[in-house]
Amino acid sequence: MPYPTQPTASHFINGAYVEDTAGVEIPVIYPATGAQIAVVHEATPAIIEHAITSAKAAQKAWAAISGTERGRILRRAADMIRERNYDLSVLETYDTGKPMSETLYVDATSGADALEYFGGLAGSLTGEHIQLGEDWVYTRREALGLCVGIGAWNYPTQIACWKGAPALACGNAMIFKPSETTPLCALKVAEILHEAGLPAGLYNVIQGTGAVGAPLVTDPRVDKVSLTGSVPTGRKVYAAAAEGIKHVTMELGGKSPLIIFDDANLEDAVGGAILANFYSSGQVCSNGTRVFVQKGIKDAFLKRLQDRLNEAKIGNPMDEATNFGPMVSERQLSIVQSYIVRGEAEGARLVCGGKRIERDGYFLEPTVFADVTDDMTIAREEIFGPVMAVLDFDTEEEAITRANETEFGLSAGVFTSDLTRGHRVIAQMEAGSCFINSYNDAPVEAPFGGSKNSGVGRENSKAAIEHYSQMKSVYVRMGAVDAPF
Ligand code: NAD
């Protein structure tokens with residue numbers, strides 16, 4: 001146990017930490033050293049059952065209290081997360097390997113933002129009154145019931161909160177299954193929510209692989225499934241949820257385009273491309289990994305990019321000066337390395353990086369390929385690591401067409417000094433979360449999510465409320481009932 005405030009058991013159910021050592025051991029590895037720092041046990045059928053029955057037992061009373069009361073608890077949890085940001089950031093760094101220079105600013109803090117935002121909205125969730133002559137209809141915005149959240153490993157605290165906050169604000173209970181690669185952070189979210197006053201059973205965390213996720217998705221007592229993960233997993237989970245006609249939110253993978261025009265501010269464009277490819281060592285779903293650079297600016301762009309990559313401080317993630325950490329796991333590192341080999345084999349030009357760094361842990365150099373063409377594997381498949389593919393283009397029309405030639409539709413970005421072109425290009429991007437002269441911002445006030453194979457539904461913003469609640473309409477007749485016989 002590297003840190004005194006780390007979770008004390010594998011699961012958090014019905015307001016308390018729970019252990020069941022009969023479950024298969026899942027080692028927790030610190031990616032910066034490869035050392036095992038903890039063990040959690042995969043949820044057994046008994047643990048899964050305990051979580052479901054606890055959540056079901058608690059949900060109706062939670063939905064019955066006022067939104068303002070629910071929101072107060074969420075906002076209190078947000079404050080507690082901010083007060084404990086340092087400890088939570090250390091845990092996030094142990095879980096993921098991301099440097100403290102990131103985790104201190106974007107993980108627990110964005111989780112707190114979600115709890116604060118949806119806590120604030122909870123009191124204003126209403127239906128409407130529809131007058132129909134003398135009769136009328138009113139609508140009630142009601143909870144869905146029991147929601148299951150399934151997380152990816154890149155933002156374990158944030159994902160736990162982005163799913164939990166709107167679910168709880170709307171009066172649902174949640175069972176959250178973190179990724180087996182990063183099981184620790186969500187437990188702290190559960191602990192804090194209950195310390196803030198959340199009644200027992202409303203936010204439960206259970207551990208495991210897809211073998212635990214799958215029975216949660218198909219259980220008839222579960223009303224909604226929200227997954228953050230890859231497209232292949234999304235297909236399976238979406239299909240399984242469809243069997244039970246369940247509500248779904250799918251936050252899946254991407255291969256997003258970032259289009260840089262000749263007239264872009266060079267420093268901003270290079271900065272945007274760095275944010276779009278190397279933040280969190282490239283392990284961000286919305287990354288703009290196909291960087292289309294107009295031919296007139298290409299040489300200057302690549303030169304400045306190399307200069308700035310040389311300034312990356314790679315190393316111990318606990319050192320706040322470090323700004324580039326390891327990959328999350330040996331497995332993810334080898335997946336990314338195999339893409340680098342493919343890129344070279346298919347004729348892309350390696351501009352910089354490409355090698356594993358000689359030290360403990362799963363460090364890989366920030367890698368840039370130029371002269372990439374649309375048909376190359378590194379331009380088509382999600383790599384989910386620090387590998388940028390630079391593609392050349394001549395005209396705006398060409399860039400738009402090529403940018404959209406993908407199964408994915410999570411994000412898209414454009415850098416240009418021409419304001420009308422910026423809006424014109426973004427309007428034609430087949431993607432859900434877009435950027436003009438910026439990249440990868442995800443404020444809680446804005447909807448986040450993908451189109452095409454990148455997903456369905458939206459997280460964050462008022463849009464998320466639609467995905468965690470349902471409308472009931474009630475027709476009220478004021479006069480006599482006129483029946484045919
Ligand atoms: P993954 O698809 O391998 O796993 C995601 C989660 O699904 C894990 O918790 C896993 O245990 C679970 N799972 C696997 N099979 C399951 C099944 N049959 N039933 C139920 N649950 C199952 O993804 P990953 O490797 O953990 O994360 C990386 C992927 O996530 C990338 O593709 C990335 O783009 C995507 N991602 C998307 C977003 C987004 O918001 N759109 C955010 C972060 C990551």
Side-chain angles (χ1 to χ4, degrees), residues 24 26 40 42-43 48 95-96 98 106-107 110 114 148-163 175-183 185-186 205-219 222 225-244 246 248-256 279-289 327-329 331-333 335-336 339 381-385 406-411 431-433 440 442 444 446-460 464 467:
V24 176
I26 300 175
V40 295
E42 183 152 47
I48 297 174
D95 229 0
T96 62
K98 291 184 294 181
V106 302
D107 289 285
S110 79
V148 162
I150 300 176
W153 43 256
N154 57 346
Y155 282 84
T157 307
Q158 183 186 82
I159 294 171
C161 292
W162 280 18
K163 297 188 191 308
I175 299 175
F176 186 78
K177 190 203 78 64
S179 164
E180 59 274 27
T181 311
T182 53
C185 296
V205 175
I206 65 171
Q207 306 296 346
T209 60
V212 170
L216 286 174
V217 173
T218 50
D219 193 287
V222 170
V225 180
S226 176
L227 169 77
T228 298
S230 61
V231 173
T233 304
R235 271 204 188 91
K236 276 190 247 168
V237 172
Y238 200 171
E243 275 294 307
K246 294 179 204 283
V248 292
T249 301
M250 295 282 143
E251 292 290 353
L252 308 178
K255 188 77 194 177
S256 301
Y279 201 73
S280 301
S281 298
Q283 302 164 119
V284 180
C285 52
S286 47
N287 271 356
T289 46
M327 309 294 308
V328 76
S329 64
R331 181 171 170 268
Q332 190 63 22
L333 172 72
I335 291 172
V336 177
Y339 276 110
E381 296 182 11
E382 182 183 48
I383 298 175
F384 222 57
T406 168
E407 62 170 307
F408 301 107
L410 187 49
S411 289
S433 300
N440 263 349
V444 69
F448 182 84
S451 55
K452 294 158 84 174
N453 284 356
S454 291
V456 290
R458 291 292 178 267
E459 297 201 296
N460 288 345
H467 300 290

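Counting starts at 1 for both ligands and their atoms, following the listed order.
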side-chain contact (heavy atoms from CB on, under 4.5 Å) assessment of N287 paired with L410:
CA-CA 9 Å; N287 271 356; L410 187 49; over 6 Å; no
Could you walk me through whether V222 and V217 satisfy the side-chain contact (heavy atoms from CB on, under 4.5 Å) test, starting with their C-alpha distance in whole Å, then the side-chain angles of each, then the deciding distance to 0.1 Å, before giving a yes or no?
CA-CA 7 Å; V222 170; V217 173; over 6 Å; no
side-chain contact (heavy atoms from CB on, under 4.5 Å) between E459 and S226: does it pass, once the steps are laid out?
CA-CA 9 Å; E459 297 201 296; S226 176; 3.7 Å; yes
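Here the heavy atom of the protein found nearest to atom 23 (O) of ligand 1 is S230 N, 3.5 Å. Protein heavy atom nearest atom 34 (O) of ligand 1, with residue, atom name and distance: E382 OE2, 2.5 Å. Scanning all protein heavy atoms for the shortest distance to atom 27 (O) of ligand 1 gives A152 CB, 3.4 Å. E251 CB, 3.2 Å is the protein heavy atom nearest to atom 40 (O) of ligand 1. Of the protein's heavy atoms, C285 CB, 3.4 Å lies nearest to atom 36 (N) of ligand 1. Annotation: atom 24 (P) of ligand 1 to nearest protein heavy atom, W153 NE1, 3.4 Å.
Atoms CZ and OG1, from R458 and T249 in turn, are 10.0 Å apart once rounded to the nearest 0.5 Å. Taken to the nearest 0.5 Å, the OG1 atom of T181 stands 9.0 Å off from the CD1 atom of I26.
The backbone N or O of T209 lies less than 3.5 Å from a partner atom in the side chain of E42, making a donor-acceptor pair. With hydrogens and angles disregarded, no donor-acceptor distance shorter than 3.5 Å links the side chain of H467 to the backbone of V248. At distances below 3.5 Å, not a single donor-acceptor pair connects side-chain atoms of T233 with backbone N or O atoms of G229. Side chain of S329 to main chain of Q332: a donor-acceptor pair is present (N/O by atom type, distance under 3.5 Å, no hydrogens or angles).
Distances between N or O atoms of S454 and those of ligand 1 include no value under 3.5 Å. Among the atoms of T228, none of the N or O lies under 3.5 angstrom from an N or O of ligand 1. Residue-to-ligand polar distances place T233 within reach of ligand 1: an N/O pair is separated by less than 3.5 Å. Considering both main-chain and side-chain atoms, E459 never comes within under 3.5 Å of ligand 1 through any nitrogen or oxygen pair. Inclusion of L252 in the set of residues having an N or O under 3.5 Å from an N or O of ligand 1 is warranted. Some N or O of G229 is nearer than 3.5 Å to an N or O of ligand 1, by distance alone.
Taking a 4.0 Å cut-off on heavy atoms, L227 registers as neighbouring ligand 1. Using a 4.0 Å heavy-atom cutoff, F448 is listed among the residues neighbouring ligand 1. Judged by the shortest distance from any of its heavy atoms, G450 lies outside the 4.0 Å radius around the atoms of ligand 1. Residue contacts with ligand 1 include G151, since one or more of its heavy atoms lies under 4.0 Å from the ligand.
Counting heavy atoms under 4.0 Å from ligand 1, residue L410 touches it through the side chain alone. The side chain of E180, and not its backbone, has at least one atom closer than 4.0 Å to an atom of ligand 1 (non-hydrogen atoms only; side chain from C-beta on). Only the side chain of I150 comes within contact range of ligand 1, with a heavy atom under 4.0 Å; no backbone atom does. In F384, the part holding a heavy atom less than 4.0 Å from any atom of ligand 1 is the side chain. At a 4.0 Å heavy-atom cut-off, ligand 1 touches N154 through the side chain alone.
Of the candidates G210, G253, S433, the one placing a heavy atom closest to atom 22 (C) of ligand 1 is G210.
Classification of K246 and E243 as a salt-bridged pair fails, no side-chain N sitting under 4.0 Å from a carboxylate O.
Set against the non-hydrogen atoms of S179, the atoms of ligand 1 under 4.0 Å away are 9 (O). Applying the 4.0 Å criterion to heavy atoms of G213 picks out, from ligand 1, the atoms 19 (N), 20 (C), 21 (N). Atoms of ligand 1 found under 4.0 Å from any heavy atom of T209, numbered from 1 in the order shown, are 11 (O).
Counted by atom type alone, N453 and E407 present one or more donor-acceptor pairs between their side chains at under 3.5 Å. Checked by atom type, the side-chain pair S286/N440 shows a donor-acceptor distance below 3.5 Å. Side-chain contact, T228 with Y155: no donor N or O sits under 3.5 Å from an acceptor N or O.
The aromatic ring centroids of F448 and W162 lie less than 6.0 Å from each other.
For K255 and F384, the positive end is not near the middle of the six-membered ring at less than 6.0 Å and at most 45° from its axis.
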